[in-house]
Amino acid sequence: MTNRLIYLDHAATTPLDPRVLEAMMPFLTGMSGNASSIHQVGRAALQALDDAREQVALVLGCQPKEIVFTSGGSESINLAIKGVAMALRAQGKTHLISSAIEHHAVLHALDYLVEYEGFRVTLLPVDRSGRVNPSDLAAAIRPETALVSVMYANNETGVIQPVAELAAICRERGVLFHTDAVQVPGQLPLDVQALGVDLLSLTAHKFYGPQGVGLLYLRRGTPLAPQINGGAQERRRRAGTENIAGIVGLAKALTIAESERLTHAARLRALSDCLIDGVLARIPRSWLNGDRAYRLPAIANLGFACIETESLLLLLDQRGICASSGSACTSGSLEPSHVLLAMGLSPDEANGSIRFSLGRQTTEAQIETLLDILPDLVAQLRAVAPCM
């Protein structure tokens with residue numbers, strides 16, 4: 001990234017922290033053994049794997065053996081949802097619950113279970129602020145419910161869900177609870193005991209770690225059917241030779257994110273508040289999507305009447321400003337965001353919304369530059385294609 005580029009798409013991916021790269025380098029440039037080998041090179045790889053697992057467990061407040069390393073967030077989510085569903089189906093547990101605003105990794109995993117495995121799914125609605133009502137969850141649970149999966153914080157709006165309250169309802173009813181916490185590290189606490197969750201998914205590249213590596217927290221005793229078959233890696237829960245360099249990087253990145261969380265989150269909150277206030281004050285017919293109080297500090301999803309998101313994003317990109325319309329996994333889609341539609345926005349309102357996601361390198365000067373440029377771009381587009 002050049003010094004002139006203003007990167008405001010950290011919710012899609014974050015740059016690799018130099019401290020993380022330094023920790024990974026011995027395993028990228030030297031002899032990186034297979035952790036399943038019994039010779040000294042293999043034992044060194046196993047030791048690095050064990051050390052990384054302990055570091056992660058320390059952040060999450062769990063036991064090292066409750067950590068399953070994966071290839072990323074999508075695999076972690078699929079392993080959690082499909083793994084629990086398959087494991088409990090023999091007990092007659094064929095019903096799953098989630099929310100209408102989940103990441104497509106969750107929604108498509110549920111679609112698969114419905115279409116190919118005969119499961120039934122209930123998607124909980126959200127209110128205009130983007131939050132799930134716990135009473136809706138309590139009413140949706142059935143005797144045959146196997147798992148509830150509700151994200152910790154939304155990847156498009158940053159809206160935070162009442163995960164601890166939702167998990168407590170599930171625990172009282174004997175139902176397992178999974179949360180997609182991919183966007184959360186470095187911004188909110190990740191103590192799985194305080195949250196009360198049974199499963200939690202993360203991916204390293206959202207918190208300044210390498211792409212292609214993630215993890216699933218799996219509470220001890222939680223039934224899980226492996227989704228990748230092969231060797232005995234990860235206590236037979238996820239076969240495949242472990243990505244030692246990536247796992248070391250994940251552990252280092254997560255440790256840094258947690259150690260710097262309070263100061264990092266406070267700085268991001270101040271910057272995103274400045275952005276939101278500036279847009280609302282300078283651009284007529286603009287609005288914030290989602291609850292302002294229950295929102296990740298790094299994400300501001302803003303809407304503009306009579307604007308097509310794609311056109312505005314292209315103009316911003318020409319000015320060296322990188323933003324997005326929402327999830328990177330739906331890039332190129334002409335459909336309005338399912339998250340914003342579920343919150344009650346019209347298709348036109350959803351198609352006129354942009355996600356700005358801030359990070360460690362974001363400065364006050366960059367936010368001011370955006371605020372200087374954005375009103376003219378919106379006015380330019382409205383002049384070309386005016387609407388009522």
Side-chain angles (χ1 to χ4, degrees), residues 1-12 128-130 154-159 266-293 295-328 330-337 339-341 343-388:
M1 296 183 186
T2 67
N3 292 332
R4 297 179 60 185
L5 186 68
I6 299 178
Y7 184 74
L8 299 177
D9 199 18
H10 290 82
R128 182 76 184 195
S129 71
N154 187 262
N155 55 298
E156 294 191 24
T157 64
V159 171
R267 193 183 76 86
L268 289 178
R269 176 69 68 181
L271 288 173
S272 62
D273 282 345
C274 178
L275 171 58
I276 294 167
D277 290 338
V279 166
L280 299 183
R282 301 185 195 191
I283 302 178
R285 294 177 292 165
S286 62
W287 63 87
L288 174 69
N289 291 313
D291 193 292
R292 182 154 186 176
R295 176 182 57 84
L296 288 178
I299 296 180
N301 191 304
L302 292 155
F304 307 92
C306 306
I307 289 297
E308 288 187 357
T309 301
E310 184 178 2
S311 298
L312 184 52
L313 288 173
L314 289 173
L315 289 178
L316 286 169
D317 188 45
Q318 291 173 7
R319 300 294 188 93
I321 299 174
C322 301
S324 72
S325 58
S327 174
T330 56
S331 178
S333 172
L334 297 178
E335 296 297 318
S337 162
V339 173
L340 299 182
L341 293 180
M343 291 166 55
L345 274 70
S346 69
D348 285 343
E349 289 172 327
N351 278 327
S353 296
I354 290 183
R355 179 187 69 184
F356 297 100
S357 48
L358 288 54
R360 290 178 185 166
Q361 288 76 33
T362 307
T363 65
E364 186 176 347
Q366 289 178 337
I367 298 300
E368 285 302 324
T369 297
L370 172 63
L371 291 174
D372 286 341
I373 292 173
L374 192 56
D376 289 340
L377 297 184
V378 171
Q380 176 183 333
L381 290 174
R382 285 175 174 169
V384 172
C387 68
M388 297 298 294

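Computed over heavy atoms, backbone and side chain alike; hydrogens, waters and symmetry mates excluded.
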Which distance, rounded to the nearest 0.5 Å, do you find between the [atom1] of [X] and the [atom2] of [Y]?
X: L316; Y: L370; atom1: CG; atom2: CG; result: 6.5 Å
X: I321; Y: T369; atom1: CD1; atom2: OG1; result: 7.0 Å
X: S324; Y: H10; atom1: OG; atom2: NE2; result: 12.0 Å
X: I354; Y: D9; atom1: CD1; atom2: CG; result: 11.0 Å
X: L296; Y: N155; atom1: CG; atom2: CG; result: 10.0 Å
X: L377; Y: L314; atom1: CG; atom2: CG; result: 11.5 Å

Original post:
Would I307 and N351 count as a side chain to side chain contact (heavy atoms under 4.5 Å, CB included) if you check the C-alpha gap in whole Å, the side-chain angles of each, and the deciding distance to 0.1 Å?
Top reply: CA-CA 8 Å; I307 289 297; N351 278 327; over 6 Å; no
Original post:
Ion pair present between R282 and D372, side-chain N to carboxylate O less than 4.0 angstrom?
Top reply: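 Yes, this pair counts.
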Taking every non-hydrogen atom, the tightest pair across [X] and [Y]:
X: G158; Y: I299; result: N-CG2, 3.7 Å
X: S353; Y: L345; result: OG-CD2, 4.2 Å
X: D317; Y: C322; result: OD1-SG, 4.4 Å
X: A350; Y: P336; result: CB-CB, 3.8 Å

[X] side chain to [Y] backbone, donor-acceptor under 3.5 Å:
X: R355; Y: L8; value: no
X: S272; Y: L268; value: yes
X: R267; Y: R360; value: yes

Subject >> side chain to side chain donor-acceptor pair (under 3.5 Å) contacts touching residues 300-309 (sequence neighbours left out) >> reply: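 Sorted pair list: N289-N301.
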**OP:** Begin from the C-alpha positions of D291 and T157 and carry the test side chain to side chain contact (heavy atoms under 4.5 Å, CB included) through to its verdict.
**Re:** CA-CA 9 Å; D291 193 292; T157 64; over 6 Å; no
**OP:** Look at atom CZ of R319 and say whether more than 12 heavy atoms of other residues, nucleotides or ligands are closer to it than 6.0 Å.
**Re:** no
Side chain to side chain, [X] and [Y], heavy atoms closer than 4.5 Å:
X: I367; Y: F356; result: no
X: F304; Y: I283; result: yes
X: Q366; Y: Q361; result: no
X: S129; Y: V159; result: no
X: S325; Y: L313; result: yes
X: E368; Y: C274; result: yes
X: L302; Y: L275; result: yes

Subject >> Which residues share a salt bridge (Lys or Arg N to Asp or Glu O under 4.0 Å) with D277, sequence neighbours left out >> reply: R292
Original post:
Residues two or more places apart in sequence or in another chain: which of them pass side chain to side chain donor-acceptor pair (under 3.5 Å) with S337?
Top reply: E156
**OP:** Please lay out, stage by stage, how N154 and M343 fare under the test side chain to side chain contact (heavy atoms under 4.5 Å, CB included).
**Re:** CA-CA 12 Å; N154 187 262; M343 291 166 55; over 6 Å; no
Original post:
Yes or no on side chain to side chain contact (heavy atoms under 4.5 Å, CB included) for V279 and L371, after CA distance, side-chain angles and deciding distance?
Top reply: CA-CA 7 Å; V279 166; L371 291 174; 3.8 Å; yes
